[in-house]
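Per chain, numbering begins at 1; letters A, B, ... match sequence-line order. Nothing here was measured: the structure is a model prediction, and the numbers come from that model.
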Protein chains: 2
Amino acid sequence: MAVTIRDIADLLGTSVATVSRVLNDKPGVAPARRARVLQVARDLGYSPNRSARSLVLQRSQFIGFVVADLGNPRYIDFLRCVESIGRERGYQVLIADSAHDLEQERQNLEAMVEHRVAGLLVFPVAEYHRESTPEHFLDLHARRIPFVLLGNVGHDGLDAVLAREEEVGALLARHLLDLGHRRLAIVGASPGSRTVEERCAGVRKAVHAFGEGAVVVCEDAEMGADGWRAVLARSDRPTGMVAINDEIALWFLTVLRDGGLSAPDDISVASVDNLSWSSNVRPALTTADACMEERAQRGMEMLFARMAAPDSPPMREMLSYRLIPRGSSGPPPARIRRYADASRRSDRRARAASGVETL
Amino acid sequence: MAVTIRDIADLLGTSVATVSRVLNDKPGVAPARRARVLQVARDLGYSPNRSARSLVLQRSQFIGFVVADLGNPRYIDFLRCVESIGRERGYQVLIADSAHDLEQERQNLEAMVEHRVAGLLVFPVAEYHRESTPEHFLDLHARRIPFVLLGNVGHDGLDAVLAREEEVGALLARHLLDLGHRRLAIVGASPGSRTVEERCAGVRKAVHAFGEGAVVVCEDAEMGADGWRAVLARSDRPTGMVAINDEIALWFLTVLRDGGLSAPDDISVASVDNLSWSSNVRPALTTADACMEERAQRGMEMLFARMAAPDSPPMREMLSYRLIPRGSSGPPPARIRRYADASRRSDRRARAASGVETL
DNA sequence: ATGAAAGCGCTAACAA
DNA sequence: TTGTTAGCGCTTTCAT
């Protein structure tokens, strides 16, 4: 069907070897011939077949990227950087979504192996659950496929670029404590996630280390809006909230607002991610930047290092989050205002809730 | 290096043909043999080489996805669906970012061809500029590569799943007009983008068709926050705003708020995209859902149809946006309140602006 | 400087 | 039911 080097060779009455040499900029071809080969290749609309090339060279030009959750906006900058860095080096990015499913992750990795990717970047499903590093990563390692684990779940002997999740919890808690808050709480701490657990642990530790009567009032996750309304209605409610991520923070701000409270006047909120909109909401979110571009950069560097030196010792890098103080956090209020039960304002809420699934 | 069917065959003293048959679930192998082949394949950790397979079968299992701008969150749901639908059918997704660069787009398409993708989905760069369909798409068509154009720039003879950009402009304008607004404006209409131009045209047409003194006061894009502050300071300012997308709407709401105005009490805002956070900001954004999942679904269906019938006539589908009325739009105010010049509140703004590039 | 030929791992037509 | 064999398009030795 498509044009092959054979076609070019035949048309010129030369051999495929010569054509191949020209197309790969290899020496040993007379300039005149070279020019004619190039010309014919262009005329015929020749496009090299990468499958054939990969097959004979025993290596592909693919970088695989396997994400636990493609729907999560936090990975988009990472993906963009991977694509961009990969492109510079002549690689194509193969993408696969594990959709929080361990078995699907295994299948994704298997598919990547079948495509003989040159290297793999993985945000494992494990960090969303309590599982430890699943066996399929050990398999991958045993098969000597270059890959780098991302996220927060490392493993002895495996390359990884990890983020300090516990540290970010402490960072945010400390930020609130320094502002004068003593009663903190965590919102959105859905159980079973390692990332979440580590962030929570960080908050607890920072509060404990601080002393001076500082307490974590509440870190229940599943209670939802009604649960939080009940908490907010109490006079001894927390004044500083660590939200597990920006989206939760945004949601919590609506719960506050619907009850007539606001941040940072009544309650301070700090979260994690620094998604693109977080600076444009009001109050602008105090948050911790995940530095996804940097993580992508490091991840790719590590991957290429591994690809270049399959036998070098395991690499690990730990990256910190960066605090971005904005308007949603401030000193605690002098006076605890009453939280007006949101159910009385049901007209407004009903409207807000209507017509859209993503609410 | 890796295990091949030859290894399996040799170990069992059988032929590669038999092994291939078993591995592809082809009939004509004795059950006992079949079982032993499978067993050995597993024991040896055999992983089929897709490059070899593609080469001999003359078709790959790749779907290529080329996006004008991977950084834009509006494409993420689309990507997720493509990946998911592709997976169901046994395809891997190859991704490439054109970064708004026409030449990069051309290179991306070329790379996809070199990988002999079974089919291609493309959000062209063109829709962000005024260019018409670039030649590389005609090339692609001439080479008989199955591909589907997405976005809003179609072309005779090329398959496409397009969104009615003009219609969405009209939809939003009409929404505001029906609420009673007569002085409308467009915010964020960066010039040179076809998508933007079409949306603007839609707004203008709807306003014109409505009559009754309705006018589009302003649709200048580049004036930025200061420009808008000047507009908002006028007593004859617009009361209904069509924002070119959710992010612009969010930004505009901050401009309003920083001047002491609010939506929908003083000014109504309606936008396009329905990004995930748009229902959780306050006021929740009235917006038009791009129905990315549906577009992905249609796009993939069309692509598979094209792959199955390369000679069938060109296909085109037009999808509408869906209005999602939320809190940011309401009736026009009875009284025009004064816009307090934001420069007097510089402390707040300075804080919001500090420390982050993404602002 | 050039070409003939082997072979990467796989599938499928053909033979047995 | 099984095996032999000829490629798929390409790179690369080894002759010439």
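In this structure, A:Q58 places its CD atom 11 Å from C1' of D:dT11, rounding to the nearest Å. When rounded to the nearest whole Å, the span between CD1 of B:I8 and C1' of D:dG3 equals 17 Å. Here D:dC8 presents its P atom at 9 Å from CG of B:L55, a figure rounded to the nearest Å. Whole-Å rounding puts the A:D10 CG to C:dA4 P distance at 11 Å. Between the P atom of C:dG9 and the NE2 atom of A:H115 lies a distance of 17 Å, rounded to the nearest Å.
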Heavy-atom protein contacts under 4.0 Å, nucleotides 10-16 of chain C, coded B base, S sugar-phosphate only, - none = BBB----
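Applying the 4.0 Å criterion to OP1 and OP2 of C:dT2, one finds that A:R33 has a side-chain N or O inside that range. Between B:T18 and the phosphate of D:dG3, there is a side-chain N or O to OP1/OP2 separation shorter than 4.0 Å.
Direction change of the helix axis from one end of the helix from C:dA1-D:dT16 to C:dA16-D:dT1 to the other is 40°, with five pairs defining each end axis (rounded to 10°).
Here the nucleotide nearest the side chain of A:T14, chosen from D:dT4, C:dT2, C:dG3, is C:dG3.
One side chain, A:S47 or B:R116, offers a donor N or O that lies under 3.5 Å from an acceptor on the other.
B:V67 places none of its side-chain heavy atoms less than 4.5 Å from the side chain of B:F78. Between B:E131 and B:V153, every side-chain heavy-atom pair lies at or beyond the 4.5 Å cut-off. Proximity of A:L109 to A:V66: side-chain heavy atoms (C-beta onward) are separated by under 4.5 Å at one or more points.
Partners of A:R89 under the salt bridge (Lys or Arg N to Asp or Glu O under 4.0 Å) rule, at least two apart in sequence or in another chain, do not exist in this structure. Evaluation of the ring-ring contact (aromatic ring centres under 6.0 Å, His included) rule for B:H141 yields no partner, not counting sequence neighbours. Scanning for ring-ring contact (aromatic ring centres under 6.0 Å, His included) contacts around A:Y128 gives A:H100, with sequence neighbours left out.
With A:D77 contributing its side chain and B:G71 its backbone, the two residues share no donor-acceptor pair below 3.5 Å.
Among the protein residues, A:S54 comes within range of no part of the nucleic acid, since none of its heavy atoms lies under 4.0 Å from any strand.
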Distance-only donor-acceptor pairs under 3.5 Å for side chains of residues 302-315 of chain A, two or more places apart:
from	atom 1	to	atom 2	distance (Å)
A:R306	NE	A:D159	OD2	2.6
A:R306	NH1	A:A309	O	3.0
A:R306	NH1	A:P310	O	3.3
A:R306	NH1	A:S312	O	2.9
A:R306	NH1	A:S312	OG	3.0
A:R306	NH2	A:D159	OD1	2.9
A:R306	NH2	A:D159	OD2	3.3
A:R306	NH2	A:S312	O	3.2
A:R306	NH2	A:P313	O	3.1
A:D311	OD1	A:R144	NH1	3.4
A:D311	OD1	A:R144	NH2	2.9
A:S312	OG	A:A309	O	2.9

